[in-house]
Amino acid sequence: MTTRRLVLSRSASLLGAASTGLLLPELARAQAGKIRVGLMLPYTGTFAQLGVAIENGFRMALAEQGGKLGGREVEFFKVDDESNPAKGIENANILVQRDKVDVLVGTVHSGVQMGIQKVARDTGVLSLIPNAGVHAATRGLCAPNVFRTSFTNSQPTRALGKVMVDKGHKKAVWITWKYAAGDEAFEGFKESYTAAGGTIVKELGLPFPNVEFQALLTEIASLKPDAVACFFAGGGAAKFIRDYAAAGLKDKIPLYGSGFLTEGVLTAAGPAADGILTTMHYSDSLDTARNKNFRLAYAKEYKLQPDVYAVQGYDTGLLLVQGANAVKGDMANKKALYAAMEGATIDSPRGKWKMSPQHNPVQDMYLRKVEAGENKVIGIAAKALADSGVGCKLT
Ligand code: PHB
C-alpha cells in the first residue's frame, strides 16, 4: 500500500511538473546523469562471502566497459540485507524509493528475494537476481522487469538424482536448511532420484542459518543410507562438510549435493571436502579460454579465487551491459531494454547461455568432484537444462 501511494505521488508530481514546463529538463537531466545501480546483498552472516563475490564479479563486468553502461557513468547504492527475510521489503524500498535506483541487483537468499520481488512488481523497477533461486520469481510471480542470471533452486538437483543412482546408491537421506532454497532443491532431487529408481529413506532439516548438525548426523549414522544428498551454502556448508567428516561418516556414506555445498568453502573445509560429488552450472576447472581468462583477471583484481557466485555476479553485469548498450543508456526505454536482455547471449565463464521465456538461464549442469581443493569437472550431468517456468505469464 505504502509503496503504491509513493509511486502514485511521484508520478503525480511529474505530471504537475509537465504542466509547468519542467518535465523535459527533468527527463533530460535523468538521461544525461549517472545510472543508479542498487546492490542489495548479504555482507554479514553465513552468506556474507557470497554477497562480496557477487559484487566483485558484477563490478568486473562493468569495469570491462570502462565503468560505463550504455555510455553513462554509474553510481552505486548499497544495502546489507543480512539474509533477513523479515527486512526484505523494507531494504528493497530503501534502494527503490529513497535512492531511486534505475536497477536493483539482488540477492542471495530466497526469502529475502520474495521481498524484492514484491517491490519489483509493485514499482516496475528493473530487478536482476544474481543468485536466489526461489521458483516463484520466474514462475507464478514472474514479471517483465525481473531477470535471473543464476538458477532456480531445483535446477542443480534435477541433475543430481541420476548421477547417484548410476553410482549404485539406491537409498538416500536428504538433509537441508528448511526454507525455500532447501525445500525447492529437494523437489529437484526427489524428482530426479526417484525417476532414476532411487528411494529417499528420510528427509532431514534444520532452520536457516542453524549449524548444530550433530543430532542429525547421529541419525544419518543410524539410518545407514547408501548416500546422503544435501543443500547447504556459504559458511554453513563449510561447517557441514567438516562435521560430516568429524562424525566419521565421510568414508562410510558418500556425500553429494547441489554444487553450492563446495563453492567458496574449500579452503575452510580442508581435506574433509575431498571426493565430494556435486552438480552445478559452473566449475573452477572448466577448460575454456573464457573461464581461464576470467579466473586470472578476477584473482588479479581481488586477490581471491572466483567461485560460482562471482560468475553469477559477472554475468549479471554482462546482461546489464548488453541491455544498456542496446538502448544507449536510456533506461526508461523499457521495451527495447527488456527485449535486448531477453535476446542476449551471455558469454559466461560457465559457457554461453540464454534466458528462458520466463527470464531464467537455460544452462548445462556439470558433474564436479572436489580434488586437491578444487571443484574438478568430470562430466556433464544435464545439457541445456531449463526450469519449467510453470505458472509464469509475462504478457
Ligand atoms: C537461496 O536462498 O536461494 C540460495 C542461497 C545460497 C545458495 C543458493 C541458493 O548458494
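We count residues from 1, following the sequence as given. Just follow the structure's listing: the first ligand is 1, and inside any ligand the first atom is 1.
- In this pair, Phe232 and Phe213 present their aromatic rings perpendicular. The plane angle is above 60°, beyond the 30 to 60° band.
- Using a 4.5 Å cut-off between side-chain heavy atoms of Ile, Leu, Val, Met, Phe, Trp and Tyr, with links allowed through other members, Val101 and Val146 fall into different hydrophobic clusters.
- Ser110 and Asn153 are linked by a side-chain donor-acceptor pair at a separation below 3.5 angstrom, with hydrogens and angles left out of the test.
- Close contacts of ligand 1 with His109, meaning ligand atoms under 4.0 Å from a residue heavy atom, involve 2 (O).
- The nearest heavy-atom contact from the protein to atom 4 (C) of ligand 1 is Val108 O, 3.4 Å.
- Nearest to atom 3 (O) of ligand 1 among the protein's heavy atoms is Ser110 OG, 2.6 Å.
- Interatomic distance, Phe47 CZ to Thr107 OG1, rounded to the nearest 0.5 Å: 9.5 Å.
- Rounding to the nearest 0.5 Å gives a distance of 9.0 Å between CG of Asp347 and OG1 of Thr288.
- A donor-acceptor contact closer than 3.5 angstrom links the side chains of Arg350 and Gln363.
- For Tyr309, a nitrogen or oxygen atom sits less than 3.5 Å from a nitrogen or oxygen atom of ligand 1, counting backbone and side chain alike.
- Taking every heavy atom of Tyr179 and a limit of under 4.0 angstrom, the matching atoms of ligand 1 come to 1 (C), 2 (O), 4 (C), 5 (C).
- Ranked by closest heavy atom to atom 8 (C) of ligand 1, the top entry among Leu50, Asn131, Thr107 is Asn131.
- Counting the atoms of ligand 1 from 1 in the order shown, those under 4.0 Å from a heavy atom of Phe47 are 5 (C), 6 (C).
- Annotation for ligand 1: atoms under 4.0 Å from non-hydrogen atoms of Ala233 are 6 (C), 7 (C), 10 (O).
- With Trp353 as the fixed residue, the side-chain hydrogen bond (donor to acceptor under 3.5 Å, both in side chains) test singles out one of Thr345, Thr149, Asp315: Asp315.
- In the hydrophobic cluster analysis, where Ile, Leu, Val, Met, Phe, Trp and Tyr join through side-chain heavy atoms closer than 4.5 angstrom, Ile380 is grouped apart from Val362.
- Heavy atoms of Phe151 found under 4.0 angstrom from ligand 1 belong exclusively to the side chain.
- For ligand 1, the atoms lying closer than 4.0 Å to a non-hydrogen atom of Asn153 are 3 (O), 9 (C).
- Of all atoms in ligand 1, listed by their number and element, those nearer than 4.0 Å to a heavy atom of Gly133 are 3 (O).
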